[in-house]
Amino acid sequence: MSACVPTRATRPTDSATPERLHQPHSPPPAPGRRFHLAGADVSASIAVFLIALPLSLGIALATGAPLQAGLVAAAVGGLVAGRFGGSALQVSGPAAGLTVVTADLIHRYGWRTTCAITVLAGLAQLGLGCLRVARTALAVSPAIVHGMLAGIGVTIAVAQLHIVLGGTPQSSVLANLLALPAQVAAGRPAALVVSALTLTLLLLWPRLPGRAGRLLRKVPAALVAVSGATAVASLTGLTLPRVELPSWSSHALAGLPEGPALGLVAAVLTITLVCSVQSLLGAVAVDKLVAARAASPDGAEPTDGTGSAAIGSASPTGSASPTGSTTAAASSATVPSAPRVARSDLDRELLGQGAANIVSGALGGLPIAGVAVRSSANVRAGAVSRNSTMLHGVLVVVAALLMVPILELIPLASLAALVMAVGIQMVSLHHIRTVTRHREVLVYVVTTLGVVFLGVLQGVALGIAVAVATALHRLAHTRITHDEKEGVHHVRVRGQLTFLAVPRLSRALHLVPHGAPAVVELDGSFMDHAAYETLQDWQKTHTAHGGTVEFGGRRPGLRIAEPVIPHADEDADCRCGPWTPWRNHQCDLTSLAPATTGDADSRRTDTVIATSTETATGAGTGTHAPAPAPTRTGTTAAESTPPESADAKSADVPPDDTDEGRNRYTDRKETDPPPTAHQLVRGISAFQRNTAPLVRDELERLAREGQRPSQLFLTCADSRLVTSMITSSGPGDLFVVRNVGNLVPLPGEDSGDDSVAAAIEYAVDVLEVRSITVCGHSGCGAMQALLNAEPGEAHTPLKRWLRHGLPSLERMADDGRPWARLAGRAAADAVEQLCLTNVVQQLDHLRAHASVDRALRAGALELHGMYFHVGEAQAYLLTEGKVFDHVRPVDVPV
């Protein structure tokens, strides 16, 4: 919609400064104020620091880098990435996912060249961030990401197992496996005891029972495991290798890269790829954790504690918000208990990660990426801003400078056991079940084995190749069968229906004899135009020869409407399908009587076929509600051929623009079907059968994430106004308020109405909608009642409510004000003129509400006026000149 009411401020458009934006899922910009450190951020930073300290040392040990490099990367990740990144609560630092890559680079080029490669990778990330390709990077198949993490986890676990046993790891997984028997035979009891104690504490600490256990579990398990093993090793006097932190004066910084140019370029690309993908997926996962925390009554979110699962389950797309609809106030909505945290700006996150890698590499630190374990701990500890991430970086700096004697007591075997446990957790059973359910096991296995035996970049390249080949195979491989059961011919299509399958589809369809009943089952999520026309042409020909056609076997993403009118023997079940022509959304019940002629042609079997692309989340967009608008999470393209029949054309349909207040009992024609007590049950049954399977996955996601609509839509309660259809919106797009006459009472004790005012306040202040639309319509019974009202009539509830429309009558009667009008023609009658004037008047009433006025002054809200002509099925938008203009395709931005 184009803005129809000017606001007093211009909204910024620079996405590089998201704090100053009012994003769809972020709070409105707050006025500038002095630095404030929340207590929740302080406690969260301590929790993250206690996890980051041992993990940073352990990852540095696993890569073969100086142990101080892990502390440098942790500090820089907290301070630089925390300050400049696009995810407020994601914690960056040395990540387990980078261990294999970094260890290989150190082995090939040495430490100083590895630092230089880290700097170059940071520059590459800055370039990608400036090109705004962050969303594109998330297009990598989840099976490839899961396989990459699993391969890295296997490599880490096998290498660290040698240190756990008291030995030294080899340079490759195969070499480590071959050397493992000799390592076990060597047997170093001291290292084995410390490692076993570390793993035991790591496993049992999160499972401590009772109230005392609940309190003790607040201390991170990693800290407890390493501290416990260190204490036992020190008290018992065990002799085994320990952490050695040389003086900072001898710390090695980055040097000029030395080595073959092609190898260095490949190394930079590998670091850039792994860091970027892990950080971006981590940022999306953090958004999910924050949303779950806000939706949870106690502010906590479910987590498995491993971190890798959170990354792997993150959706690479934006998501839509659940819808809000109310007839008065949003009394059932849940107010988030935790402070609102802005959603991640992925392009800015890429810039922040690039800056952090440049600084870390220059200072002699490890490569940096978003770390799921620390990020989930940060969210779980209640952090509310990026201050917690930055403060954790400060604590790491303090520890690196002042706690060196304590850190040097830690046994290397304990750190190795900690990192080995992290590597094992990266092979997630949840990921394996997910890829199995989506038939992507081959991609997962190939990627994992490629990373393990060839390297990260080679493994990912193999995974991409297999994923592309699998997709092409699925697209081209279609199985079409025909058989006959009890006189009914069944044509089954398994797979995607493209032009390549049209010859086989045509042969199978022509095996169905003329006049025979047929059922076509389409089990796929895609149908191209050639296949669609083949089905349509055959259907028309078959029904013209007296046959019947029924479509079934739908899967999410492929929508096939059931026949509009059921057969005579199917009167027990309403067969209204999604988006079929309807009259009051009922079947034509007069056709449910048994046929008197016995002619098969008298049975109506017209069918609508509609194909649609799946949304990014993998769920269909629904049936009784159109797909979300392009600004939401996905798009839907539909092709349909509406059925034509003599019955439909000759039906005596009353005019659309009739008074909705007429007596429906005295005006009903004798031929009209009587209302039935089963209409509600039939409608629910049709929803559960036709629509629920298409929208279940999407609605489950929306239920988890809570309510964040972008628009408040205030319209009339008239049954002919289907807001989702008129606005092409879906679940999560509109917060709808409906009342008789689309009235907005003025605030105040005498004239106010708490139900509508409460809904407005909730939508603006809590849901932070970006626009409010007041929608009137033709033939409004409320406006007719206002015009026909006689002075001194009894004050019924309806009359008392309609007093809020009297200012609209006075505005229309004021000769000093120009009338609102439709573009291209005058109002048809006084009722239509009052409908138009009422929309303008209710917008003025909206501005009188304090919450709306504040949002307008801040430039965070727009007001729109809309008029829907029911008979024309035409929407008009109010312009600044008080003219309701047509909405044309050219008005919609691409």
Side-chain angles (χ1 to χ4, degrees), residues 1-15 18 20-31 320-321 323-325 330 340 342-343 628-632 707-715 723-724 726-729 732-737 742-744 747 756-757 759-776 820 823 836 838-868 875-888 890-894:
M1 298 182 183
S2 59
C4 59
V5 178
T7 56
R8 303 188 183 182
T10 302
R11 296 176 62 189
T13 58
D14 183 8
S15 62
R20 301 178 184 175
L21 278 172
H22 181 208
Q23 304 264 347
H25 308 309
S26 63
S321 303
T323 188
S325 178
R340 295 290 298 274
R343 289 178 64 89
T631 55
R632 310 296 295 175
Q707 180 177 212
R708 295 188 187 89
S710 60
Q711 303 179 58
L712 167 60
F713 202 85
L714 199 153
T715 187
T723 56
S724 58
I726 296 172
T727 60
S728 292
S729 57
D733 293 333
L734 302 181
F735 186 78
V736 182
V737 176
N742 48 275
L743 301 178
V744 181
V756 177
I760 294 172
E761 179 183 350
Y762 183 81
V764 175
D765 290 344
V766 179
L767 298 179
E768 297 170 346
V769 296
R770 292 177 297 161
S771 69
I772 302 179
T773 301
V774 176
C775 177
L836 299 174
N838 183 58
V839 172
V840 179
Q841 183 64 36
Q842 301 314 312
L843 288 172
D844 288 346
H845 289 185
L846 267 175
R847 297 187 189 92
H849 287 260
S851 57
V852 175
D853 182 63
R854 285 194 303 269
L856 288 173
R857 291 177 182 274
L861 184 67
E862 297 174 350
L863 302 185
H864 305 278
M866 177 177 168
Y867 177 74
F868 183 73
Y876 298 82
L877 282 181
L878 181 63
T879 64
E880 296 182 8
K882 299 298 184 287
V883 176
F884 287 85
D885 201 0
H886 293 82
V887 177
R888 303 177 179 86
V890 295
D891 296 330
V892 181
V894 178

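Positions are given from 1 along the sequence. Keep in mind that what you see is a predicted model, and the values were worked out from it rather than measured.
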Give the intermediate values and the outcome of side-chain contact (heavy atoms from CB on, under 4.5 Å) for residues His849 and Ile760. CA-CA 8 Å; His849 287 260; Ile760 294 172; 4.2 Å; yes
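- Between Pro709 and Phe735, the shortest heavy-atom distance links the atoms CG-CB, 3.8 Å.
- Rounding to the nearest 0.5 angstrom, the gap separating the CZ atom in Phe884 from the CE atom in Met866 is 10.5 Å.
- Under the side-chain contact (heavy atoms from CB on, under 4.5 Å) test applied with His864, the options Thr773, Val774, Ile772 reduce to a single match, Thr773.
- In this structure, Asp885 and Tyr876 have side chains that are not in contact, with every pair of non-hydrogen atoms separated by 4.5 Å or more.
- Between Leu846 atom CG and Leu861 atom CG the span is 8.5 Å, to the nearest 0.5 Å.
- Rounding to the nearest 0.5 Å gives a distance of 9.5 Å between CG of Leu843 and CG of Asn838.
- Applying the side chain to side chain contact (heavy atoms under 4.5 Å, CB included) test to Ala848 and every residue at least two apart in sequence or in another chain returns Leu746, Pro747.
- Side-chain contact between Cys775 and Asn742 is absent, with no heavy atoms from C-beta onward closer than 4.5 Å.
- To the nearest 0.5 Å, atoms OH (Tyr762) and CD (Gln707) are separated by 5.0 Å.
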Would Leu863 and Val852 count as a side-chain contact (heavy atoms from CB on, under 4.5 Å) if you check the C-alpha gap in whole Å, the side-chain angles of each, and the deciding distance to 0.1 Å? CA-CA 9 Å; Leu863 302 185; Val852 175; 4.3 Å; yes
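- Checked against side chain to side chain contact (heavy atoms under 4.5 Å, CB included), Val883 has the following partners two or more places apart in sequence or in another chain: Arg821, Ala823, Thr879.
- Counting heavy atoms from C-beta outward, Leu836 and Leu878 have side chains that stay 4.5 Å or more apart.
- Between the OG atom of Ser710 and the CG atom of Leu734 there is a distance of 7.0 Å, given to the nearest 0.5 Å.
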Show, in sequence, the C-alpha distance, side-chain angles and deciding distance for Thr715 and Val737, and conclude whether the side-chain contact (heavy atoms from CB on, under 4.5 Å) test is met. CA-CA 6 Å; Thr715 187; Val737 176; over 6 Å; no
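- Taking His845 as the reference, Gln841, Gln842 meet the side-chain hydrogen bond (donor to acceptor under 3.5 Å, both in side chains) condition, with sequence neighbours excluded.
- To the nearest 0.5 Å, atoms OG1 (Thr727) and CZ (Phe713) are separated by 6.0 Å.
- Side-chain atoms of Ser851 never come within 3.5 Å of backbone atoms of Asp765 as a donor-acceptor pair (strictly under, hydrogens ignored).
- For the pair Val769 and Gln711, the minimum side-chain heavy-atom distance is 4.5 Å or more.
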